[in-house]
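Encoded as structure tokens, the structure appears first; notes follow it.
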Amino acid sequence: MMTSAEAATSEDALDRIKSVVGPKGIVSDPEQLGRYIEDWHGLYAGAARLVVLPASTAEVAEVVRICSAARIPVFPQGGHTGLCGGATPSANGIVLGLARMNRILSVDPANFTITAQAGCILAEVQRAAQAADRFFPLSLGAEGTCQIGGNLSTNAGGTAVLRYGSTRDLTLGLEVVLPDGSVIEGLRSVRKDNTGYDLKHLFIGGEGTLGIITAATLKLFPRPRETETAFLGLSRLDDVMTLFARSRAASGDQLTGFELISRYGVQMALDYAPGVRDPLDAHHPWYVLLEMTSSQTGTGLRTAMEQILEEAMASGEVQDGVIASSDAQRRELWRVREGLIMGIRHQGAASKHDVSVPVDQVARFITEADAAVVRSYPGSRTLSFGHVGDGNIHYNAFGVPEADIPACHDMVNDIVLGLGGSISAEHGIGISKRHDLTRYKSPLELDVMRRIKAALDPAQIMNPGKVL
Ligand SMILES: Cc1cc2nc3c(=O)[nH]c(=O)nc-3n(C[C@H](O)[C@H](O)[C@H](O)COP(=O)(O)OP(=O)(O)OC[C@H]3O[C@@H](n4cnc5c(N)ncnc54)[C@H](O)[C@@H]3O)c2cc1C
């Protein structure tokens, strides 16, 4: 409970923040406010004393300085597409959105780098790279809405990690406003920089708890000139991983995407995503969306893919398949993978997991988790899909009685840990996995994380209640 003197100071601080960002930097329209308070899924809703959208790093720094002095919590926010409640504000704080800081600062084709403000929408960064005949490989279902600052803060993965790595691997330099309002000006574009602790890695995946990323210098790549995409039906989960090993060994760096979808997932896309068609005539228990790309033309990519698939069919791994014959057909195949997410929103409460295990343990994880869930909760139904080329499975158990969901959750996570995996492969910790973090990180690791947080944010104003 604030004293009246503290309340007056706090109100005064809010007035000063308003004058820093000006009328254009305040969201006051009640219709607009909702999207800053409630997340994309509608799972996490908070409240805020103010929603501000600064227009420059200097404004972000000034707002944070005021909040630091007045002990007002700051909730950094990008596109608000995160799936763990990481950007959800609480009633005593302000939302600091980066949406107005959406300029591409430079594209350097010779150095293969792009520098962008944190509020740039991911798809805009991709387009800016393409305009310079270069390629920014980060790609995910929310790319039309999520911002590069949010991608960095969650260390987003997506569909091309197999070849290009996650956001962490794509980052060269960051500009960051610390919780006291000071600014790390680290927009370096060098690939080699062994000068002690690499501080940018604290903020990548830091979920806004250590500072606000205001700009980033990112790696670009040669633009893919040829893409081949196949949608394949398989009857056994073990064969999925054999196919992965076969296609990776045969195609090396050209294998860019390897996505698993169960029949249940394809059905969800058919039922809930408008315009999705079943790519194959017969039903199969498992499907793989396999993509290969090449930055050169005339390398025989199509022939290479056909050869891999012919061999996989001859050895009985793959039962049926289609290779996209046009860009439109390629997008149709990806629509199945992206569309199933819409189906999940209609399934009600579930034990939901975004986990990873070593690639050679994927089939074992799904088999063991399915057996355990169905045995423990008769009538429940599981859904597995994900970027299994990275060992990343989005695992969902539907129809588990609501009171049993926490126990089911722990049971699945224990299987993940038993196989040497991680309980959060992509989406982060946010609010939803804080309990899991304390269960699965060692006390020493948690202690080091808390000491880093205390060193950078002693007043605990930066995105409090998240991660730790
Ligand atoms: C349809 C759909 C598909 C998705 N697919 C994938 C996928 O394949 N792979 C994947 O990894 N994720 C995926 N996601 C999750 C989500 O899109 C990513 O986590 C994304 O990186 C979040 O970006 P955002 O701008 O929306 O961040 P927000 O949701 O706004 O914020 C996420 C976290 O980052 C912090 N943050 C945001 N901006 C900043 C900043 N500038 N400085 C400091 N902290 C900041 C917030 O405080 C919060 O903790 C998907 C989500 C949806 C809805």
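Remember, it's 1-based here, ligands and their atoms both numbered in the order they're listed.
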Carboxylate-amine/guanidinium contact Asp278 Arg263, below 4.0 Å: yes
Candidate pair Leu417 and Arg439, rule side chain to side chain contact (heavy atoms under 4.5 Å, CB included), full reasoning: CA-CA 11 Å; Leu417 266 286; Arg439 246 176 89 105; over 6 Å; no
Mode of Asn463 contact toward ligand 1 - side chain, backbone, both, neither (heavy atoms, under 4.0 Å): side chain
Option of least heavy-atom distance to atom 29 (O) of ligand 1 (set: Gly82, Gly78, Gly208): Gly82
Identity and separation of the nearest protein heavy atom to atom 34 (O) of ligand 1: Ser153 CB, 3.3 Å
Separation between OG of Ser106 and CG of Leu187, rounded to the nearest 0.5 Å: 8.5 Å
Thr214-Glu175 side chain donor-acceptor pair, cut-off 3.5 Å: yes
Atom 28 (P) of ligand 1: the protein heavy-atom neighbour that sits closest, reported with distance to 0.1 Å: His80 N, 3.6 Å
Atom 41 (N) of ligand 1: the protein heavy-atom neighbour that sits closest, reported with distance to 0.1 Å: Ile213 O, 2.9 Å
Sub-3.5 Å N/O-N/O distance, Gly157 and ligand 1: yes
Ala269 versus Leu340, closest heavy-atom pair with distance: CB-N, 3.7 Å
Candidate with minimal heavy-atom separation from atom 5 (N) of ligand 1, of Leu140, Ile121, Leu122: Leu140
Proximity to ligand 1 by part of His427, non-hydrogen separation under 4.0 Å: side chain
Atom 7 (C) of ligand 1: nearest protein contact (heavy atom, Å): Glu426 OE1, 3.4 Å
Asn155 N/O to ligand 1 N/O under 3.5 Å: no
Ligand 1 atoms in contact with Ile212 (distance to a heavy atom under 4.0 Å): 42 (N), 43 (C)
Between Trp334 and Glu291, a side-chain donor and acceptor under 3.5 Å: yes
Candidate with minimal heavy-atom separation from atom 26 (O) of ligand 1, of Asn392, Thr154, Ile431, Thr81: Thr81
Near-ring test Phe135/Tyr164, centroid separation under 6.0 angstrom: yes
Nearest protein heavy atom with distance in Å, relative to atom 50 (C) of ligand 1: Leu83 CD1, 3.9 Å
Closest non-hydrogen atom pair between Gln126 and Leu138, with its separation: NE2-O, 2.7 Å
Thr293 versus Arg163, side-chain donor and acceptor atoms under 3.5 Å: yes
Cys146: numbered ligand 1 atoms lying under 4.0 Å from its heavy atoms: 23 (O), 24 (P), 25 (O), 26 (O)
Lys466/Glu207 ion pair, N-O < 4.0 Å: no
Residue, atom name and distance, where the atom is the protein heavy atom closest to atom 52 (C) of ligand 1: Ala142 CB, 3.7 Å
Proximity of Leu98 to ligand 1 by residue part, where a heavy atom lies under 4.0 Å: side chain
Closest approach of any protein heavy atom to atom 27 (O) of ligand 1, naming residue and atom: Gly150 CA, 3.5 Å
Charged N-O contact under 4.0 Å between Glu332 and Arg335: no
Sub-6.0 Å ring centroid separation between His394 and His427: yes
Residue portion contacting ligand 1 (non-hydrogen atoms closer than 4.0 Å) for Lys466: neither
Any Cys84 heavy atom less than 4.0 Å from ligand 1: no
Trp40 CH2 to Arg345 CZ distance, which is reported to the nearest 0.5 Å: 4.0 Å
For atom 46 (C) of ligand 1, closest protein heavy-atom neighbour: Pro76 O, 3.3 Å
Sub-3.5 Å N/O-N/O distance, Gln147 and ligand 1: yes
Close approach of Glu143 to ligand 1, heavy atoms, under 4.0 angstrom: no
